[in-house]
Amino acid sequence: MTDTPASFAPLARTGVSPWWRAAAITLAVLLATLIAGAASMFEQFKAQIAHQQHQLAQQPQIRTLAVLLDTTQSPALLVTHDPASGALQLQRLNGVKEGREDSMQLWALRQGQAPLSLGVLTSKAGTLTLPAQADALQGVAQLAISVEDKGGVPGERGPRLPYLFQGAVVHKAI
């Protein structure tokens with residue numbers, strides 16, 4: 001038997017190195033983890049945006065504002081209207097309170113029309129709410145407060161006494 005150089009030749013490798021295989025698997029797991037993390041962060045971002053939009057929708061959107069002044073032109077009452085809630089919010093800015101047998105009544109004043117009662121202030125609290133739809137304030141130039149007998153007067157009759165507080169209405173442009 002003769003030795004041929006081919007019989008001593010090393011065998012050629014026919015597979016992939018185990019190091020390359022381990023590196024490829026590690027990189028695939030890392031890529032899958034990054035993709036899952038990015039998808040999770042995107043879903044959290046979408047949830048945060050939806051939450052913020054919901055909170056923004058719940059915030060009052062004041063469209064009408066009036067500061068009623070007393071006879072010395074000092075602010076006495078702040079009136080705001082949020083059409084979404086359908087309510088007027090009144091905040092007292094001075095210490096004037098109605099008497100035991102009196103009520104304060106809020107009036108809408110339109111040019112050339114009789115005053116329209118928007119309600120009676122039933123609480124002596126610093127802030128109170130009266131129901132009022134947006135159409136009740138359409139075309140209203142001023143709001144006024146009069147002092148009336150306990151419980152107020154019928155709206156069609158008009159105020160019994162002169163206005164205690166009065167102020168211009170500002171309608172926000174839409």
Side-chain angles (χ1 to χ4, degrees), residues 34 36-174:
L34 288 173
S40 173
M41 288 174 58
F42 182 70
E43 290 301 317
Q44 288 177 3
F45 180 67
K46 285 187 346 186
Q48 285 178 346
I49 287 175
H51 178 70
Q52 291 294 327
Q53 287 173 334
H54 176 72
Q55 280 187 326
L56 181 61
Q58 299 302 316
Q59 291 296 318
Q61 302 296 319
I62 296 173
R63 297 281 168 90
T64 305
L65 170 87
V67 177
L68 305 187
L69 306 174
D70 61 16
T71 55
T72 65
Q73 300 303 302
S74 297
L77 197 71
L78 174 66
V79 181
T80 56
H81 181 256
D82 175 17
S85 68
L88 285 170
Q89 185 171 12
L90 295 93
Q91 181 179 354
R92 294 176 192 252
L93 302 175
N94 63 11
V96 174
K97 305 264 191 227
E98 57 271 24
R100 202 176 291 174
E101 298 300 320
D102 297 324
S103 291
M104 288 187 180
Q105 192 162 353
L106 181 63
W107 299 92
L109 308 177
R110 290 184 175 89
Q111 204 86 23
Q113 294 182 10
L116 173 69
S117 175
L118 294 177
V120 176
L121 284 63
T122 56
S123 170
K124 295 183 184 197
T127 303
L128 60 125
T129 304
L130 289 175
Q133 296 303 320
D135 58 348
L137 296 172
Q138 289 293 345
V140 173
Q142 290 190 326
L143 293 177
I145 294 280
S146 68
V147 177
E148 305 295 339
D149 291 332
K150 191 77 171 166
V153 296
E156 61 276 355
R157 190 178 125 201
R160 177 178 61 89
L161 296 171
Y163 297 122
L164 184 61
F165 310 130
Q166 194 169 349
V169 174
V170 177
H171 298 280
K172 180 181 174 189
I174 297 174

How far does CD of Q138 sit from CZ of R110, to the nearest 0.5 angstrom? 8.5 Å
Set of side-chain contact (heavy atoms from CB on, under 4.5 Å) partners for S74, sequence neighbours left out: D70, T72
With heavy-atom distances below 4.5 Å as the criterion, would you say the side chains of F42 and K46 are in contact? yes
Residues which pass side-chain contact (heavy atoms from CB on, under 4.5 Å) with L78, listed by chain and number, not counting sequence neighbours: L65, V67, T80, Q91, L93
W107 and P115: which non-hydrogen atoms are nearest, and at how many Å? CE3-CB, 3.8 Å
Residue pair L164 / T71, side-chain heavy-atom distance below 4.5 Å: no
Apply the test side chain to side chain contact (heavy atoms under 4.5 Å, CB included) to residues L121 and R92: give CA-CA distance (whole Å), side-chain angles for both, the deciding distance (0.1 Å), then the verdict. CA-CA 11 Å; L121 284 63; R92 294 176 192 252; 4.3 Å; yes
Run L77 and L69 through side chain to side chain contact (heavy atoms under 4.5 Å, CB included) and show every step you take. CA-CA 7 Å; L77 197 71; L69 306 174; over 6 Å; no
Going by the rule side-chain contact (heavy atoms from CB on, under 4.5 Å), which residues pair with A87 if we only count those two or more places apart in sequence or in a different chain? S85, T129
Rounded distance (nearest 0.5 Å) linking atom CE of M104 with atom CG of L68: 10.5 Å
Euclidean distance, Y163 OH relative to L143 CG, rounded to 0.5 Å: 10.5 Å
Closer than 3.5 angstrom, by distance alone: can the side chain of H171 be matched with the main-chain N or O of V140 as a donor-acceptor pair? yes
Could you grab the distance from atom NE2 of H51 to atom CD of Q44, nearest 0.5 Å is fine? 14.0 Å
Whether the Q105 and S117 side chains hold a donor-acceptor pair (N or O, under 3.5 Å, no angle test) is what I'd like checked. yes
Please report the shortest heavy-atom distance between A141 and Q111, naming the atom on each side. CB-OE1, 4.5 Å
Just wondering, do V79 and T64 contact through their side chains at under 4.5 Å, heavy atoms? no
Would you compute the distance between atom CZ of F165 and atom CD1 of I145 and round it to the nearest 0.5 angstrom? 7.5 Å
Could you tell me whether E43 atom CD has more than 12 heavy atoms of other residues or ligands within 6.0 Å of it? yes
Show the numbers, then the answer: is there a side chain to side chain contact (heavy atoms under 4.5 Å, CB included) between T127 and Q89? CA-CA 7 Å; T127 303; Q89 185 171 12; 3.1 Å; yes
What distance separates L90 CG from L128 CG, expressed to the nearest 0.5 Å? 5.0 Å
